[in-house]
Amino acid sequence: MSAPAAKVSKKEVNSNHDGADETSEKEQQEAIEHIDEVQNEIDRLNEQASEEILKVEQRYNKLRQPFFQKRSELIAKIPNFWVTTFVNHPQVSALLGEEDEEALHYLTRVEVTEFEDIKSGYRIDFYFDENPYFENKVLSKEFHLNESGDPSSKSTEIKWKAGKDLTKRSSQTQNKASRKRQHEEPESFFTWFTDHSDAGADELGEVIKDDIWPNPLQYYLVPDMEDEEAEGEEEDDDDEEEEGLEDIDEEGDEDEGEGEDDDDEDEEGEEAEV
């Protein structure tokens with residue numbers, strides 16, 4: 001009798017377990033639905049926050065303009081400010097060839113303008129003095145994001161002077177010992193103005209807008225690495241010279257000490273003979 005009873009008991013346990021699983025699945029489904037509802041509320045708040053942040057950014061962007069203008073006026077008093085800034089920036093410097101640097105010595109001003117709603121894009125303007133490379137006084141590149149979210153870009157056509165088109169030059173080996181790069185020159189910096197292949201991932205544009213433009217002075221003031229190395233070598237030489245002098249002084253002191261000991265021994269010997 002006991003065996004059948006045990007068998008019935010096992011069926012009851014399985015039945016209860018199946019019921020628990022059904023209840024658990026139902027609760028999980030309800031929890032998932034509630035999570036989805038809560039997530040929708042979070043997404044709604046995130047969208048609202050983005051709109052509020054955009055309004056604040058637009059307001060402060062207008063407040064920054066007089067200071068950007070004042071900064072540009074002050075920068076204009078410093079010769080070669082922008083070419084120095086670009087050469088000192090690690091990412092931009094990697095894109096500059098020797099002739100690019102020569103052309104950028106005529107660069108007098110850089111301006112970054114974000115469009116009214118900010119999200120739709122921005123423009124970068126490069127102002128040049130009269131130079132032997134191209135006729136343009138201003139070179140610009142614009143980045144746009146349309147309503148569907150597709151990025152695009154357009155730029156000024158560079159009017160190169162005869163034989164001065166840097167985008168068509170052949171690769172040359174860098175041989176200026178004073179520069180940081182010791183390898184074949186990269187594709188010309190100015191090809192950036194004609195490259196619209198991936199406007200949504202334009203690294204140079206983003207670097208200028210988000211890294212250099214907010215504070216170009218920090219890159220202008222970066223000391224040349226070779227100058228630092230030269231200063232370091234001079235300091236090491238000075239330290240070695242000082243150490244050498246200290247060793248000579250110590251040897252001299254030891255010699256003097258030995259001489260004094262010999263004199264004392266001679267005097268003691270004379271007194272003993274007397």
Side-chain angles (χ1 to χ4, degrees), residues 1-68 86 89-95 110-125 140-155 186-187 189 191-219:
M1 294 292 294
S2 60
K7 191 173 183 180
V8 170
S9 176
K10 186 175 181 180
K11 287 181 179 180
E12 290 176 354
V13 170
N14 288 338
S15 177
N16 292 336
H17 183 68
D18 291 340
D21 286 344
E22 291 176 1
T23 302
S24 178
E25 289 178 2
K26 183 178 180 181
E27 289 177 350
Q28 289 179 22
Q29 185 59 37
E30 290 178 352
I32 290 172
E33 292 174 359
H34 288 311
I35 290 172
D36 186 53
E37 291 174 0
V38 172
Q39 189 62 51
N40 288 335
E41 289 298 316
I42 293 172
D43 292 342
R44 184 182 63 79
L45 288 173
N46 287 341
E47 291 178 6
Q48 184 178 343
S50 297
E51 293 175 0
E52 294 296 326
I53 290 171
L54 180 59
K55 291 178 183 178
V56 171
E57 183 60 30
Q58 287 173 329
R59 182 162 67 89
Y60 277 93
N61 194 39
K62 291 180 180 179
L63 293 175
R64 294 187 191 106
Q65 297 311 308
F67 296 98
F68 285 147
F86 287 160
H89 191 284
Q91 289 170 273
V92 179
S93 178
L95 303 175
V110 173
E111 298 286 347
V112 174
T113 304
E114 294 189 84
F115 299 147
E116 186 64 26
D117 64 353
I118 298 178
K119 291 192 298 182
S120 64
Y122 61 96
R123 184 181 72 251
I124 305 177
D125 298 313
S140 303
K141 188 167 185 178
E142 295 184 10
F143 298 87
H144 297 269
L145 197 65
N146 60 27
E147 294 180 357
S148 62
D150 297 325
S152 63
S153 64
K154 63 179 181 179
S155 59
E187 189 176 31
F189 167 83
T191 59
W192 175 67
F193 288 95
T194 60
D195 182 7
H196 305 290
S197 58
D198 193 359
D202 192 299
E203 183 178 0
L204 180 56
E206 294 294 325
V207 165
I208 294 174
K209 179 176 75 76
D210 297 330
D211 191 17
I212 295 177
W213 175 246
N215 185 9
L217 186 63
Q218 64 178 324
Y219 292 107

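For the ring pair (Phe, Tyr, Trp, His ring centres under 6.0 Å) condition, no pair includes a residue of residues 25-53, sequence neighbours left out. For residues 32-46, every residue pair satisfying the salt bridge (charged side-chain N to carboxylate O under 4.0 Å, His left out) rule, not counting sequence neighbours, is listed here: E41-R44. For the salt bridge (charged side-chain N to carboxylate O under 4.0 Å, His left out) condition, the pairs that include at least one residue of residues 191-218, sequence neighbours left out, are K141-D202.
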Show, in sequence, the C-alpha distance, side-chain angles and deciding distance for F189 and L204, and conclude whether the side-chain contact (heavy atoms from CB on, under 4.5 Å) test is met. CA-CA 10 Å; F189 167 83; L204 180 56; 3.6 Å; yes
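By the 30° and 60° cut-offs, the orientation of the rings of F143 relative to Y122 is parallel.
Atom CD of Q65 and atom OG1 of T113 lie 7.0 Å apart (nearest 0.5 Å). One distance of note links CG of N61 with CG of L54; it measures 10.0 Å at 0.5 Å rounding. For the atom pair OG of S153 and CG of L145, the computed distance is 12.0 Å after rounding to the nearest 0.5 Å.
Partners of I53 by side-chain contact (heavy atoms from CB on, under 4.5 Å), not counting sequence neighbours: none found. Residues passing the side-chain contact (heavy atoms from CB on, under 4.5 Å) test with P214: none are found, sequence neighbours excluded. F86 is linked by a ring-ring contact (aromatic ring centres under 6.0 Å, His included) to nothing, counting only residues two or more places apart in sequence or in another chain. Residues satisfying the side chain to side chain donor-acceptor pair (under 3.5 Å) test with H144, not counting sequence neighbours, are E142. The side-chain contact (heavy atoms from CB on, under 4.5 Å) search around Y60 returns V56, L63, R64, not counting sequence neighbours. Every residue meeting the side chain to side chain donor-acceptor pair (under 3.5 Å) condition with S140, not counting sequence neighbours, appears here in chain and number order: D125.
Shown here for Y219 and P90, the closest heavy-atom pair between the two residues is CE2-CD, 4.4 Å.
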